[in-house]
**Q** 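Starting off with a structure, shown below.
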Amino acid sequence: MRIAVTGSIATDHLMTFPGRFADQLVADQLHTVSLSFLVDNLDVRRGGVGPNICFGMGQLGGSPILVGAAGYDFDEYRGWLDRHGVDTASVRISEVLHTARFVCTTDKDHNQIGSFYTGAMSEARLIELKAVADRVGGLDLVLIGADDPEAMLRHTEECKTRGIPFAADFSQQIARMDGDEIRTLLDGATYLFSNEYEKGLIESKTGWTDAEILDRVGHRVTTLGSRGVRIERVGDTPIEVGCPEETAKVDPTGVGDAFRAGFLTGLSWGVGLERAAQVGCMLATLVIETLGTQEYTLRRAHFMERFTKAYGEDAATEVQSHLK
């Protein structure tokens, strides 16, 4: 399968302040705040839902196609993704804007002050999927992830018009979208991804019941946190897959992206939905044990040992023949 992943491309600049923000705030001067915090360290991490998902697919031996917009400062990040099996030739490079950036400072009480610069992400709406499909010889599935909202709508409409199967994955953007936009984005999707909270929010904003949404999508894939994932389809018994035992909970950031990476890769192998979900849950477990969304290393023997322990010999035999 040729799978394109559309979504935000960003870097995270994370800093820690050894004191407390609250100690620096003067109650009667909050209308004229002017503060500068001397921080202890700076951690720059690669991020964005598009690269996070593609990186995971590349780790599993896939050849995902990243579709998104980045700035003229993208060269180093592109090199990293290229080395890890990601096709970055369809990334639009802005001539005037930096790559999207999240800058955040955390104090000793874990309070945070952050800013998100959309930058080049706003140019994702200028990308035409037909050009991507023509370059790679056609697309079998497009995951439409959190990105510039106009880009998400354009990609969805183009998939519908051109008959390209697509997966709807609103993620962080669901909070700013209204019911009409969400209905447009999910109607006709082959897969609808969300977590449990987002599932309820989708139903609330669209005014559609769970059953009505199931009638409009091929599969509804709901991640359940530590309980794994549930996959529903009209007329079929729901499939539920649990998570492998984790060695530690280091950082939950990017866990959902890792699940999607494993699930999509499983689909590209041609394994069933349950097996694909198991691959997704195993990859998500590796990410939660690692600080950073793209800092884990997938070692085949280690992956298969833990996968076998979690899901059994039959499942492992089927997956092992595909894992590179």
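The figures here come from the full heavy-atom set of this structure, side chains too, leaving out hydrogens, waters and symmetry mates. Owing to the predicted nature of the structure, the values given are computational and were not obtained by experimental measurement.
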**Q** Within a 6.0 Å radius of atom CG on Leu35, are there more than 12 heavy atoms belonging to other residues, nucleotides or ligands?
**A**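 Enclosed.
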**Q** Would you say NZ of Lys160 has more than 12 non-hydrogen atoms from neighbouring residues, nucleotides or ligands within 6.0 angstrom?
**A**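 Counting other residues, nucleotides and ligands, NZ of Lys160 exceeds 12 neighbours.
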**Q** For the residue pair Ala124 and Asp147, what are the closest heavy atoms and their distance?
**A**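 Closest approach of Ala124 to Asp147: CB-OD2, 3.6 Å.
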**Q** Please answer whether the main-chain N or O of Asp109 pairs with a side-chain N or O of Arg20 as donor and acceptor at a distance below 3.5 Å.
**A**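 Pair absent, no side-chain N/O of Arg20 close to backbone of Asp109.
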**Q** What distance separates Leu143 CG from Met57 CE, expressed to the nearest 0.5 Å?
**A**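 Reported to 0.5 Å precision, the distance equals 8.5 Å.
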**Q** Working note: Asp251 + Ile288, criterion side-chain contact (heavy atoms from CB on, under 4.5 Å); need CA distance, chi angles, decisive distance, verdict.
**A** CA-CA 5 Å; Asp251 182 6; Ile288 203 171; over 6 Å; no
**Q** Can a donor-acceptor pair be found between the side chains of Thr99 and Asp73 at a distance below 3.5 Å?
**A**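 On atom types as modelled, these side chains qualify, holding a pair under 3.5 Å.
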**Q** Is there a donor-acceptor pair under 3.5 Å between the side chain of Gln278 and the backbone N or O of Ala315?
**A**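 Answer holds: no.
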**Q** Among the clusters formed by ILVMFWY side chains lying less than 4.5 Å apart, do Ile231 and Leu186 turn up in the same one?
**A**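 Looking at the clustering, Leu186 is in a separate group from Ile231.
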**Q** Between the main-chain N or O of Val49 and the side-chain N or O of Ser8, is there a donor-acceptor pair closer than 3.5 Å?
**A**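 Side chain of Ser8 to backbone of Val49, a donor-acceptor pair under 3.5 Å: yes, one is there.
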**Q** If hydrophobic residues (ILVMFWY) are linked whenever their side-chain heavy atoms come closer than 4.5 Å, directly or via other members, who joins Met121 in its cluster?
**A**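 Answer for Met121: Leu14, Phe102, Phe116.
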**Q** Roughly how far apart are Ile3 CD1 and Leu267 CG, rounded to 0.5 Å?
**A**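 Result: 6.5 Å between the selected atoms.
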**Q** Do Ile113 and Cys104 have side chains that get closer than 4.5 Å, going by heavy atoms?
**A**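 No; the side chains remain at least 4.5 Å from each other.
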**Q** Please step through side-chain contact (heavy atoms from CB on, under 4.5 Å) for the pair Ile182 and Ile174, ending with a clear verdict.
**A** CA-CA 8 Å; Ile182 295 172; Ile174 192 172; 3.9 Å; yes
**Q** Using only atom types and a distance under 3.5 Å, with no angle test, would you say the side chain of Gln112 pairs donor to acceptor with the backbone of Thr105?
**A**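 Side chain of Gln112 to backbone of Thr105, a donor-acceptor pair under 3.5 Å: no, none is there.
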**Q** Does Val221 share a hydrophobic cluster with Val217, counting links as ILVMFWY side-chain heavy atoms below 4.5 Å and allowing steps through other members?
**A**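 In one cluster with Val221: Val217, no.
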**Q** Find the distance between CG (Leu42) and CG (Asp40) and round it off to the nearest 0.5 Å.
**A**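 Interatomic distance, Leu42 CG to Asp40 CG, rounded to 0.5 Å: 11.5 Å.
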**Q** Quick one about Glu318 and Trp269 (side-chain donor to acceptor, distance below 3.5 Å, no hydrogens or angles considered), yes or no?
**A**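 Judged by distance alone, the side chains do not pair up.
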**Q** Identify the two heavy atoms, one from Ala276 and one from Val271, that lie closest to each other, and give their separation to 0.1 Å.
**A**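 Shortest heavy-atom separation between Ala276 and Val271 comes out as N-CG2, 3.8 Å.
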**Q** Please check if the side chain of Thr290 supplies one atom and the backbone of Leu286 the other of a donor-acceptor pair under 3.5 Å.
**A**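 Side chain of Thr290 to backbone of Leu286, a donor-acceptor pair under 3.5 Å: yes, one is there.
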**Q** With a 3.5 Å distance limit and no angle check, can you tell me whether Glu198 reaches the backbone of Asn195 through a side-chain donor-acceptor pair?
**A**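 Present.
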**Q** Decide yes or no for Ile144 and Glu158: does some side-chain heavy atom of the first lie under 4.5 Å from some side-chain heavy atom of the second?
**A**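 No, too far: nothing below the 4.5 Å cut-off.
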**Q** For Ile202 and Ser194, work out which heavy atoms get closest and say how close.
**A**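 Answer, listing the atom of Ile202 first, then Ser194: CD1-CB, 4.0 Å.
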**Q** Between Phe193 and Phe263, is the gap from one ring center to the other below 6.0 Å?
**A**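 Centroid distance Phe193-Phe263: below 6.0 Å, so yes.
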**Q** Specify the closest pair of heavy atoms between Arg300 and Gln320, including all atoms of both residues, with the distance to one decimal.
**A**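 That closest heavy-atom pairing would be NH2-O, 2.9 Å.
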**Q** Measuring from Leu323:CG to Thr265:OG1, what's the distance to the nearest 0.5 Å?
**A**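 Answer for the CG-OG1 pair, Leu323 versus Thr265, is 9.5 Å.
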**Q** Are Ile53 and Ile164 co-members of a hydrophobic cluster defined by side-chain heavy atoms under 4.5 Å apart?
**A**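 No, separate clusters.
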**Q** Can you find a pair of side-chain heavy atoms, one from Val319 and one from Arg275, that are under 4.5 Å apart?
**A**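 Side chain of Val319 against side chain of Arg275, heavy atoms only: contact under 4.5 Å found.
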**Q** Strictly below 4.0 Å, N to O, side chains only: are Arg162 and Glu128 in salt-bridge contact?
**A**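 Yes, charged N to carboxylate O under 4.0 Å.
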**Q** Going through the distances and angles, do Met152 and Gln173 end up as a side-chain contact (heavy atoms from CB on, under 4.5 Å)?
**A** CA-CA 10 Å; Met152 296 172 71; Gln173 293 293 30; 4.0 Å; yes
**Q** Could you see if Leu273 belongs to whatever hydrophobic cluster contains Leu60? Use Ile, Leu, Val, Met, Phe, Trp, Tyr and a side-chain cutoff under 4.5 Å.
**A**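 Yes, it is one cluster - the side chains of Leu273 and Leu60 are joined through contacts under 4.5 Å.
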**Q** For a 4.5 angstrom cut-off between non-hydrogen side-chain atoms, does Leu81 reach Gln294?
**A**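 A side-chain contact under 4.5 Å exists here.
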**Q** Are Leu224 and Val279 in one and the same hydrophobic cluster, where Ile, Leu, Val, Met, Phe, Trp and Tyr link if side-chain heavy atoms are under 4.5 Å apart?
**A**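 Different clusters: Leu224 never reaches Val279 through Ile, Leu, Val, Met, Phe, Trp or Tyr contacts under 4.5 Å.
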**Q** State, without any angle test, whether Thr206 and Arg183 hold a side-chain donor-acceptor pair at a distance under 3.5 Å.
**A**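 No, no side-chain donor-acceptor pair sits under 3.5 Å.
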**Q** Please check if the distance between the ring centroids of Tyr191 and Phe166 is under 6.0 Å.
**A**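 Not close enough - the centres of the two rings lie 6.0 Å or further apart.
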**Q** With a 6.0 Å cut-off on the ring centroids, do Phe303 and Tyr296 count as close?
**A**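 No - the distance between ring centres of Phe303 and Tyr296 does not fall below the 6.0 Å cut-off.
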**Q** Which residue, Val67, Thr6, Ile127, Val136, forms the side chain to side chain contact (heavy atoms under 4.5 Å, CB included) with Ser90?
**A**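 Single pass found, and it is Val67.
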**Q** Could you report the tightest heavy-atom contact between Ala248 and Glu289, atom names first, then the distance?
**A**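 Result for this residue pair: O-CG, 3.4 Å.
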**Q** Can any side-chain N or O of His302 pair as donor or acceptor with the backbone N or O of Leu298 at less than 3.5 Å?
**A**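 Not a single qualifying donor-acceptor pair exists.
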**Q** Could you state the interatomic distance from CD1 (Ile93) to CG (Asp75), rounded to the nearest 0.5 Å?
**A**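 Separation between the atoms: 7.5 Å.
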**Q** Just wondering, are more than 12 heavy atoms of other shown residues or ligands nearer than 6.0 Å to CZ in Arg176?
**A**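 No, not enclosed.
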**Q** Taking 4.0 angstrom as the limit, do Asp12 and Arg45 come out as a salt bridge?
**A**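 Answer for the salt bridge query: no.
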**Q** Does any non-hydrogen side-chain atom of Phe259 lie less than 4.5 Å from one of Val229?
**A**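 Yes - at least one pair of side-chain heavy atoms lies under 4.5 Å apart.
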**Q** Measure from the side-chain N and O atoms of Arg220 to the backbone N and O of Arg233, and report whether any donor-acceptor pair falls under 3.5 Å.
**A**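 Such a contact is absent between Arg220 side chain and Arg233 backbone.
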**Q** Does Glu295 come within less than 4.0 Å of Arg46, counting only side-chain N to carboxylate O?
**A**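 A salt bridge links Glu295 with Arg46.
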**Q** One thing to verify: whether Arg260 and Asp257 come together as a salt bridge, which I'm taking to mean a side-chain N less than 4.0 angstrom from a carboxylate O.
**A**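 Not counted as a salt bridge, because no side-chain N and carboxylate O are separated by less than 4.0 Å.
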**Q** For Gly242, does its backbone N or O pair with a side-chain atom of Tyr311 as donor and acceptor, under 3.5 Å?
**A**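 Between the backbone of Gly242 and the side chain of Tyr311 there is a qualifying donor-acceptor contact (under 3.5 Å).
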**Q** Taking atom CG of Asp314 as the centre, report whether more than 12 heavy atoms of other residues, nucleotides or ligands fall under 6.0 Å from it.
**A**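 No, not enclosed.
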**Q** For Arg227, check salt bridge (Lys or Arg N to Asp or Glu O under 4.0 Å) against everything at least two apart and list the hits.
**A**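 With neighbours one apart ignored, the set is Glu196.
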**Q** Does Asp107 use its side chain to pair, donor to acceptor, with the backbone of Pro18 at less than 3.5 Å?
**A**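 Judged by distance alone, no pair lies under 3.5 Å.
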**Q** A quick test of your reading: do over 12 heavy atoms of other residues, nucleotides or ligands sit less than 6.0 Å from CD of Gln24?
**A**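 For Gln24, atom CD is crowded (more than 12 foreign heavy atoms under 6.0 Å).
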**Q** For Glu203 and Thr209, work out which heavy atoms get closest and say how close.
**A**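 The answer is CG-C, 4.4 Å.
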**Q** Can you classify the ring geometry of Phe74 versus Tyr77 as parallel (below 30°), tilted (30 to 60°) or perpendicular (above 60°)?
**A**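 Phe74 vs Tyr77 ring planes: tilted.
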**Q** Can we say Arg78 and Asp82 salt-bridge, meaning some charged N sits less than 4.0 Å from an Asp/Glu carboxylate O?
**A**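 Answer for the salt bridge query: no.
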**Q** Within the structure provided, determine whether Arg306 and Met282 are in side-chain contact (heavy-atom separation under 4.5 Å).
**A**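 Yes, side chains in contact.
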**Q** Should Leu97 and Ser122 be marked as a side-chain contact (heavy atoms from CB on, under 4.5 Å) after you check the CA-CA gap, both sets of side-chain angles, and the distance that decides it?
**A** CA-CA 9 Å; Leu97 298 170; Ser122 61; 4.0 Å; yes
**Q** Is Pro244 close to Cys281 at the side-chain level, that is, under 4.5 Å between some pair of heavy atoms?
**A**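 Yes. Closest side-chain heavy atoms under 4.5 Å.
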**Q** Could you check whether Asp169 and Ser171, counting side-chain N and O atoms only, form a donor-acceptor pair closer than 3.5 Å?
**A**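 Looking only at side-chain atoms, Asp169 and Ser171 do not form any donor-acceptor pair under 3.5 Å.
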**Q** Taking atom CZ of Arg135 as the centre, report whether more than 12 heavy atoms of other residues, nucleotides or ligands fall under 6.0 Å from it.
**A**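 More than 12 within 6.0 Å, yes.
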